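These numbers come from a predicted model, not from an experiment. Below, read A as the first sequence line, B as the second, and so on, with proteins coming before strands; counting in each chain starts at 1.
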Amino acid sequence: MSEATSQSEIPAKDLIGDYFLDLWCHTSKTLALKPEPGPESELDDDDEELPSALDTLNSSGGFSVVGPDKLSLLYPNVNLHGHDVGVVQANRHAPLKRLLYYFEIYVKNAGAKGQIAIGFTTSAFKVRRQPGWEANSCGYHGDDGLLYRGHGKGETFGPTYTTGDTVGGGINYATQEFFFTKNGVLVGSVYKDVKGSVFPTVAVHSQNEEVTVNFGQDPFVFDLKAYEAEQRAKQQVKIDNISIPQDASYGIVRSYLQHYGYEETLKLLDIAGKSTVPPISLVSENGVIEEDNMYALNQRRALRQLIKSGKIDETFSTLRKCYPQIIEDDTSAICFLLHCQKFIELVRDGKLEEAVLYGRSEFDKFKKSSAYDDLVKDCAALLAYDQPSKSSVGYLLGESQRDLVADAVNAIILSTNPNVKDASLCMHSSLERLIRQVTACFLEKRSLNGDQGEAFRLSRILKSGKKG
Amino acid sequence: MSLFWIVIRELAEIQAMATSKKVITRVDWEKKLNDVKVRKEDMNKLVMNFLVTEGYVEAAEKFRLESGTEPDIDLATITDRMAVKKAVQSGNVEDAIEKVNDLNPEILDTNPQLFFHLQQQRMIELIRNGKVEAALEFAQEELAPRGEENQGFLEELERTVALLAFEDVTNCPVGELLDISQRLKTASEVNAAILTSQSHEKDPKLPSLLKMLIWVQNQLDEKASYPRIIDLSTAALEDPAV
């Protein structure tokens with residue numbers, strides 16, 4: 001097919017080299033945005049602006065008054081009609097790309113009739129009606145404790161609420177439910193039949209009714225964290241019940257060690273695998289992949305060790321001896337990576353003058369693209385700082401940069417195997433392919449679900465189950 | 001692209017439209033996959049977590065050196081844990097109990113079910129070795145008092161004692177108790193209890209990641225047709241069925 005032919009015209013080693021350069025650019029850009037990555041910080045496209053205040057423009061003027069803090073709502077007059085509801089939406093719609101959204105109101109004064117409501121409405125909502133009375137809205141009402149969904153007749157739901165009570169409204173995107181709480185206790189949840197994004201909404205409807213809204217600026221009365229953990233656990237039970245081949249994980253770990261050339265670990269794992277009771281079947285069902293994975297294992301391990309210990313000159317000479325074709329083009333991406341690493345190692349050793357000379361003699365030939373330029377700038381910037389490891393380009397001195405170069409060399413050697421037809425198999429271990437697939441599936445699932453719900457985060461899995 | 005492929009693709013799209021599924025071609029899907037950046041450190045952590053939790057202590061130690069990944073538990077504790085596990089697996093239950101108590105006496109104190117299962121395993125081993133009298137004595141002195149406290153224990157005890165009633169134990173209804181799998185079950189229970197006592201998860205994270213993959217693919221199948229991974233061991237993408 002046409003795609004396949006066009007790909008095979010680019011030599012595998014260039015594809016691979018460019019891939020790792022791209023990875024480096026990605027790291028460089030992410031760190032430029034967040035120079036000091038804390039353990040929590042991660043490249044996150046899901047940052048959405050949250051509702052933070054009541055909307056004073058699109059509220060039913062005349063019937064209710066939003067306080068100057070934009071977080072309180074008062075009904076000063078006597079109500080005359082059913083349409084004289086004082087409804088106010090939040091300034092932004094509830095964020096979508098997460099598991100849960102939640103906000104609370106505190107009833108300061110239930111006024112003459114206690115006709116207070118909390119709920120969710122769409123941007124098209126008529127702000128003269130109680131949330132729940134109109135189509136595409138949902139509301140939990142204080143005077144009768146009923147839940148209204150799309151029409152004027154409520155359904156039995158929970159207790160009434162009045163002066164001194166704290167009531168919360170939330171959305172669970174995984175189960176597609178609205179849920180409500182009273183004084184920190186879950187009242188119940190209902191199917192979310194409203195499509196599209198919804199606004200947290202509050203209504204007051206009789207004289208002197210007054211509520212304040214907590215969009216998360218203050219701690220919630222309801223233990224949202226515990227609720228979230230509970231909801232996650234529910235979903236986890238479904239996932240845990242799926243069965244997978246018993247030694248699938250073992251096989252993936254082995255293949256990972258082979259792929260990256262962690263030869264010594266592999267040996268010890270195999271020895272241990274043979275002595276377990278019952279022995280884990282070491283015969284892979286797919287012998288070809290196993291064989292390709294073992295290709296040049298010993299040399300790949302040796303080169304990784306050289307790069308990890310900063311010996312770039314030795315790396316070059318080993319490559320020249322064993323795989324001259326990899327570095328014959330001195331302007332290739334892989335040579336660029338290695339030259340940059342050499343420069344970085346010189347800076348690490350405090351040989352700044354030597355680094356300058358090395359950079360001048362080697363970097364000039366890489367003027368192919370702006371990507372090269374930016375990365376050279378990152379390297380050069382190391383010279384500008386008294387303590388380069390604490391600067392914005394300090395990541396270059398980290399172990400992960402060495403690992404990146406070692407991974408690139410490793411992948412390119414794998415691609416010199418004459419049996420390999422698909423370069424992408426050299427770039428990614430099966431573990432990485434699995435993680436990419438999970439992540440892409442979660443993103444696609446969310447985008448087909450109106451962008452609702454959270455993305456897959458490997459870091460969350462890694463963090464889960466740790467105490468403290 | 002040949003006419004044949006164009007026709008096939010169009011057919012696939014028509015079929016998908018009928019079921020209102022979104023069709024994602026391999027090329028488009030690969031673009032989405034390429035947008036996913038996986039950090040090497042995170043993959044290393046997953047592998048380390050597997051080695052540590054499954055008790056591959058030598059491999060874990062070596063992996064620390066080769067990959068620079070720090071284990072999430074003191075590796076010395078794995079050696080102790082594996083010694084306990086091995087003792088149960090090879091039938092030395094008394095030895096295993098002693099080792100667990102050396103490690104942390106609270107493990108058995110706070111876990112009566114585990115302690116009962118270990119004692120039950122001890123009795124099974126006595127029966128296996130033909131020590132009928134010792135087995136009976138052990139049942140009366142150690143197991144029966146616990147059976148009185150707990151109906152579930154009592155049933156288990158009766159099942160175990162039943163082993164003595166049959167001449168050909170391998171073919172009797174409770175013969176599975178003598179199976180190697182019973183030892184493995186007890187071993188894995190004690191392994192999990194030790195891990196929990198060390199504030200460590202009892203299962204590695206990698207299998208749940210694999211389960212999650214299968215789960216999310218099943219979920220997405222309802223709405224889209226796209227290249228899937230079916231064989232976990234090769235992680236190869238398979239084109240959507242036409």
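- In this structure, the portions of B/F63 lying under 4.5 Å from any heavy atom of chain A include both its backbone and its side chain.
- Between B/K40 and A/D407 there is a salt bridge, since a side-chain N of the basic residue sits under 4.0 Å from a carboxylate O of the acidic one.
- Side-chain atoms of A/Q236 and B/W215 include no donor-acceptor pair closer than 3.5 Å.
- Interface remark: of the candidates B/E58, B/K85, B/E54, B/E58 forms the most heavy-atom pairs closer than 4.5 Å to chain A.
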key: Verdict with reasoning, A/K445 to B/K223, per side chain to side chain contact (heavy atoms under 4.5 Å, CB included)   = CA-CA 8 Å; A/K445 177 176 173 267; B/K223 292 193 168 173; over 6 Å; no
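- No donor-acceptor pair under 3.5 Å is formed between the side chain of B/K62 and the backbone N or O of A/E264.
- A salt bridge between A/K463 and B/D72 is absent, with no side-chain N of the basic residue lying under 4.0 Å from a carboxylate O of the acidic one.
- Nearest heavy-atom pair across B/L232 and A/A248 is CD1-CB, 4.4 Å.
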message = Between A/Y260 and B/S67, is the side chain to side chain contact (heavy atoms under 4.5 Å, CB included) condition met? List the steps.
response = CA-CA 9 Å; A/Y260 285 109; B/S67 73; over 6 Å; no
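- For the set A/L434, A/N449, A/L404, the count of heavy-atom pairs under 4.5 angstrom toward chain B peaks at A/L434.
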task = Evaluate the criterion side chain to side chain contact (heavy atoms under 4.5 Å, CB included) for residue pair B/M48 and A/V253; output intermediate values, then yes/no.
result = CA-CA 9 Å; B/M48 180 58 98; A/V253 165; over 6 Å; no
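- With a 4.5 angstrom heavy-atom cutoff, A/K267 does not touch chain B via any of its atoms.
- Between A/I435 and B/L209 there is a side-chain heavy-atom pair separated by less than 4.5 Å.
- For the 3.5 Å distance criterion, the side chains of A/Y256 and B/N44 qualify, holding a donor opposite an acceptor.
- A/L269 touches chain B through backbone and side chain together, each having a heavy atom under 4.5 Å away.
- Considering only heavy atoms from C-beta on, A/E432 comes within 4.5 Å of B/M43 through its side chain.
- A/Q437 contributes a side-chain N or O that, together with a main-chain N or O of B/P227, makes up a donor-acceptor pair within less than 3.5 Å.
- A donor-acceptor pair shorter than 3.5 Å cannot be found between the side chains of A/Q305 and B/E66.
- The shortest distance between side-chain heavy atoms of A/I239 and B/S208 does not fall below 4.5 Å.
- Sparse packing is recorded around NZ of A/K311, with 12 or fewer heavy atoms of other residues, nucleotides or ligands lying under 6.0 Å away.
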